[in-house]
Amino acid sequence: KARATTGVDRLSRDVALCLPPEAAAMATSDIALERVQALLKIDAGGGSFYEHITRIAGALAAEKPNDALAQLETLSQNLKKATYRGPVAEDIDIEIVADAAAEEKRQQWCVESLKMVRQPSDPSCAPRVLCAVQNFMEDAAMFEWAGVGFGKQENFRIAMSLRKLATDTPALEKLRLWGKVLGTEGDYYVAEGTLEGARPVAKPALPGSPDYDVEPRGEGANISTYWVSAGGSEPWIRLPAARASHIVAARKIKQLMRGDLGCPVLSTPWFPGKERHLLRAQIARITATCTLAVAGYYEQDPGEEDAPALKHALKIAEAEFPGHEALATLDGWVHGSPALLSTGKTTWPELDVEESGLPEETVNAINEKKEAEPEEELLKPIGGDLEALKPEDAEGSPAWNIKVYGDKGMYKFPDTDKSYRITAVRSLIWPGAVAVAQGTRFANLYIGNGLKCASLVEPYKESGLPLVGASPFSSGNAQLALAPDDVMEEPDDLEEEDEPQPPLADDESDGGEDDEAAEE
């Protein structure tokens with residue numbers, strides 16, 4: 001451009017020298033004007049300056065604004081944007097996230113949910129064998145008829161979550177949903193499972209030893225192992241083994257769960273543990289009282305000669321499943337878990353003074369308690385529960401309520417007769433515990449706040465006190481040092497005593513001014 005401009009200037013000067021002075025001046029100005037016009041008309045891709053000035057002038061002439069000078073820059077900018085012909089920039093989608101932490105949790109939830117519904121084994125490999133996992137979708141249909149459930153979507157999540165727990169825990173033999181414990185800030189979904197490898201203990205722990213507080217795995221309150229989850233795709237957390245001291249302490253308090261396994265239990269009397277221990281103790285108490293089985297469905301497993309079974313081991317009997325009429329009565333149901341004693345355990349130790357090495361007084365005291373409170377038999381019928389609270393000439397049980405739901409008709413099939421009715425047995429001691437049966441299937445479930453209730457059960461006839469353990473701050477439940485007597489007797493009249501400083505007699509007066517004023 002510099003060379004071209006230099007050549008034009010030299011040519012202009014040569015032409016101007018050949019012309020007269022007046023013509024040369026006119027020719028020079030015309031050439032300069034043409035050069036300016038050519039420069040202004042150069043289009044670099046977005047339009048020329050000459051066209052832009054022409055549009056500005058036309059717009060001012062058309063609109064005739066009063067303040068044209070003030071609007072010149074604005075009008076120029078608007079016209080420049082309207083006639084822009086440059087390359088279009090890429091349209092980049094920028095996702096705007098209002099709460100990054102919430103979005104991260106949502107993404108994590110999606111990832112965990114996909115893991116939960118994923119097949120437990122690789123399709124290219126051999127199928128993976130899982131333990132006996134409860135078909136919760138079928139059991140949920142029975143519970144729904146009894147008015148208990150979580151909804152179809154939540155039922156599917158629970159079923160998939162149980163399957164994932166069985167996949168992640170190879171040592172499981174069987175697994176089911178125990179229930180849901182409601183809390184003030186969060187709830188607990190509880191899963192119950194049986195682990196492999198439980199064997200009878202050769203030498204039981206002696207009273208006073210550290211192991212005596214915990215029953216061996218597979219026996220008593222530790223027959224099953226429990227896991228808790230916050231629901232959805234949250235992971236399952238294994239709870240510790242039940243301790244007898246925790247169960248005894250849990251009977252003396254009434255505490256709602258918070259939803260945090262690590263938070264302390266602020267109660268009076270003091271509870272020796274965190275919320276995970278209180279939750280485990282309440283699960284043991286509810287299981288011992290409210291886990292039911294159909295009468296005749298189970299029988300005690302004696303084991304084999306080379307492999308003796310555990311004391312509370314059960315196996316499925318070969319008897320026929322009871323009919324619908326039998327299930328609608330108290331005789332059709334039995335307790336499926338061993339009962340807890342006042343010590344928080346299910347059995348008394350077999351002690352001998354010489355073999356155990358304990359003092360004779362200790363052994364005699366334990367044997368006396370054993371005679372006063374014998375162990376309850378396994379698979380005990382529920383008809384005898386709270387017999388002492390049953391009013392005279394009353395039908396049914398003060399501890400249980402039985403109701404039949406659904407179609408009560410009987411349908412004939414070529415092989416057998418079938419009915420689709422559902423029998424539900426509800427606990428009045430622990431509201432929220434229910435057992436249902438339909439056809440040849442039955443299941444147990446608990447949904448509640450984990451507290452014992454006395455308002456649904458009659459009080460004791462003789463004392464009028466509520467159910468033991470239902471009102472922890474009453475002295476009728478346990479020997480609490482801080483609890484007053486339920487009925488206080490009228491106190492004895494106090495004997496009148498002489499004044500410690502009786503008034504002086506008149507003859508013993510010192511004759512002061514006060515005495516003279518009194519005489520006047």
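Worth saying up front: this structure is predicted, and the values here are computed from it rather than measured.
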For this session: Indicate the atoms forming the closest heavy-atom contact of Arg276 with Gly262, along with that distance.
Result: NH2-CA, 4.0 Å
For this session: Go through the steps for Lys174 and Glu192 under the test side chain to side chain contact (heavy atoms under 4.5 Å, CB included), then give the verdict.
Result: CA-CA 8 Å; Lys174 59 181 179 180; Glu192 179 187 82; over 6 Å; no
Exercise. By side-chain hydrogen bond (donor to acceptor under 3.5 Å, both in side chains), which residues pair with Glu377, not counting sequence neighbours?
Worked result: none
Problem set entry | Gln282 side chain to Gly450 backbone, donor-acceptor under 3.5 Å | yes
Seminar exercise, completed: When every non-hydrogen atom of Pro398 is compared with those of Leu428, the smallest separation belongs to O-CD1, 3.6 Å
Exercise. Can you pull the side-chain hydrogen bond (donor to acceptor under 3.5 Å, both in side chains) pairs that have at least one residue in residues 319-338, sequence neighbours excluded?
Worked result: His335-Asp385
Exercise. Checking side chain to side chain contact (heavy atoms under 4.5 Å, CB included) for the pair Met257/Leu182: CA distance, chi angles, key distance, verdict?
Worked result: CA-CA 7 Å; Met257 301 297 170; Leu182 308 178; over 6 Å; no
Problem set entry | Those residues that, when tested against Leu379, pass side-chain contact (heavy atoms from CB on, under 4.5 Å) (two or more places apart) | Tyr298, Leu314, Val334
Problem set entry | side-chain contact (heavy atoms from CB on, under 4.5 Å), paired with Leu327, selected from Val404, Val294, Val436 | Val294
Problem set entry | Residues Val148, Arg426; criterion side chain to side chain contact (heavy atoms under 4.5 Å, CB included); working and verdict | CA-CA 11 Å; Val148 180; Arg426 299 179 184 273; 3.8 Å; yes
For this session: Taking the six-membered ring for Trp and the single ring otherwise, decide whether the centroids of His277 and Phe271 are under 6.0 Å apart.
Result: no
For this session: Taking atom types as modelled, find out whether Trp400 and Ser427 have a side-chain donor-acceptor pair closer than 3.5 angstrom.
Result: no
Exercise. How would you list, by chain and number, every residue that makes a side-chain hydrogen bond (donor to acceptor under 3.5 Å, both in side chains) with Glu275, sequence neighbours excluded?
Worked result: Tyr188
Exercise. Between Tyr420 and Gln438, what is the shortest heavy-atom contact and its length?
Worked result: O-NE2, 3.1 Å
Exercise. If you measure only the distance, is there a donor-acceptor pair under 3.5 Å linking the side chains of Asn444 and Thr291?
Worked result: no
Exercise. Is NZ or CZ of Lys345 both nearer than 6.0 Å to the six-membered ring centre of Tyr212 and within 45° of the ring axis?
Worked result: yes
Problem set entry | Crowding at CZ, Phe156 (>12 non-hydrogen neighbours, <6.0 Å) | no
Problem set entry | Glu375 atom CD: more than 12 heavy-atom contacts under 6.0 Å | yes
Exercise. So which pairs with a foot in residues 415-424 pass salt bridge (Lys or Arg N to Asp or Glu O under 4.0 Å), sequence neighbours left out?
Worked result: Lys412-Asp417
Problem set entry | Straight-line distance of Gln153 CD to Ile158 CD1, nearest 0.5 Å | 11.0 Å
Seminar exercise, completed: Residues passing the side-chain contact (heavy atoms from CB on, under 4.5 Å) test with Trp270, sequence neighbours excluded, are Pro272
For this session: Would you check if Ile223 and Thr194 make a side-chain contact, meaning some heavy-atom pair closer than 4.5 Å?
Result: no
Exercise. Would a distance-only check, ignoring hydrogens and angles, find a side-chain to backbone donor-acceptor pair under 3.5 Å from Thr287 to Ala284?
Worked result: no
Problem set entry | For Thr346, all residues meeting side-chain hydrogen bond (donor to acceptor under 3.5 Å, both in side chains), sequence neighbours excluded | Glu215
Problem set entry | Any donor-acceptor pair under 3.5 Å from Asp213 side chain to Ala244 backbone | yes
Problem set entry | Pairs where residues 139-151 contributes a residue and the test side-chain hydrogen bond (donor to acceptor under 3.5 Å, both in side chains) is met, not counting sequence neighbours | Gln134-Asp139, Asp139-Arg441
For this session: Go through the structure and list residues passing ring-ring contact (aromatic ring centres under 6.0 Å, His included) with Tyr189, not counting sequence neighbours.
Result: Phe150
Exercise. Where do Glu73 and Gln77 land on the side chain to side chain donor-acceptor pair (under 3.5 Å) test, with the steps shown first?
Worked result: CA-CA 6 Å; Glu73 289 81 2; Gln77 185 177 6; over 6 Å; no
For this session: Would you check if the side chain of Ser229 reaches a backbone N or O of Glu234 as a donor-acceptor pair within less than 3.5 Å?
Result: yes
For this session: Please check if the side chain of Arg217 supplies one atom and the backbone of Glu196 the other of a donor-acceptor pair under 3.5 Å.
Result: yes
For this session: Kindly indicate, with the supporting measurements, whether the criterion side chain to side chain contact (heavy atoms under 4.5 Å, CB included) is fulfilled by Asp187 and Val181.
Result: CA-CA 6 Å; Asp187 303 332; Val181 179; over 6 Å; no
Exercise. Would one find more than 12 heavy atoms of other residues, nucleotides or ligands at under 6.0 Å from atom CD of Gln107?
Worked result: yes
For this session: Using distance alone, with no hydrogens and no angle criterion, decide if Asn222 and Arg280 have a side-chain donor and acceptor under 3.5 Å apart.
Result: yes
For this session: Just grab all the ring pair (Phe, Tyr, Trp, His ring centres under 6.0 Å) pairs involving residues 437-459, residues at least two apart or on different chains.
Result: Trp178-Tyr446, Tyr297-Phe442
Exercise. How about Gln108 and Glu112: does a side-chain donor come under 3.5 Å of a side-chain acceptor?
Worked result: yes
Problem set entry | side-chain hydrogen bond (donor to acceptor under 3.5 Å, both in side chains) involving Ser76 - partner list, sequence neighbours excluded | His52
For this session: Indicate the atoms forming the closest heavy-atom contact of Val248 with Gly344, along with that distance.
Result: CG2-N, 3.9 Å
Exercise. Are the side chain of Arg251 and the backbone of Ser342 linked by a donor-acceptor contact shorter than 3.5 Å?
Worked result: yes
For this session: Taking all heavy atoms of Ala166 and all of Leu172, pick out the closest pair and write down the distance.
Result: CA-CD1, 4.1 Å
Problem set entry | Over all atoms of both residues, closest heavy-atom pair of Trp236 and Leu162 | CZ2-CD2, 4.2 Å
Exercise. Can you name the side-chain contact (heavy atoms from CB on, under 4.5 Å) partners of Ile402, sequence neighbours left out?
Worked result: Leu330, Thr423, Val425
Problem set entry | Polar side-chain atom of Ser419 near backbone of Gly409 as donor-acceptor pair, under 3.5 Å | yes
Problem set entry | Ser209 (side chain) donor-acceptor with Ala205 (main chain) under 3.5 angstrom | no
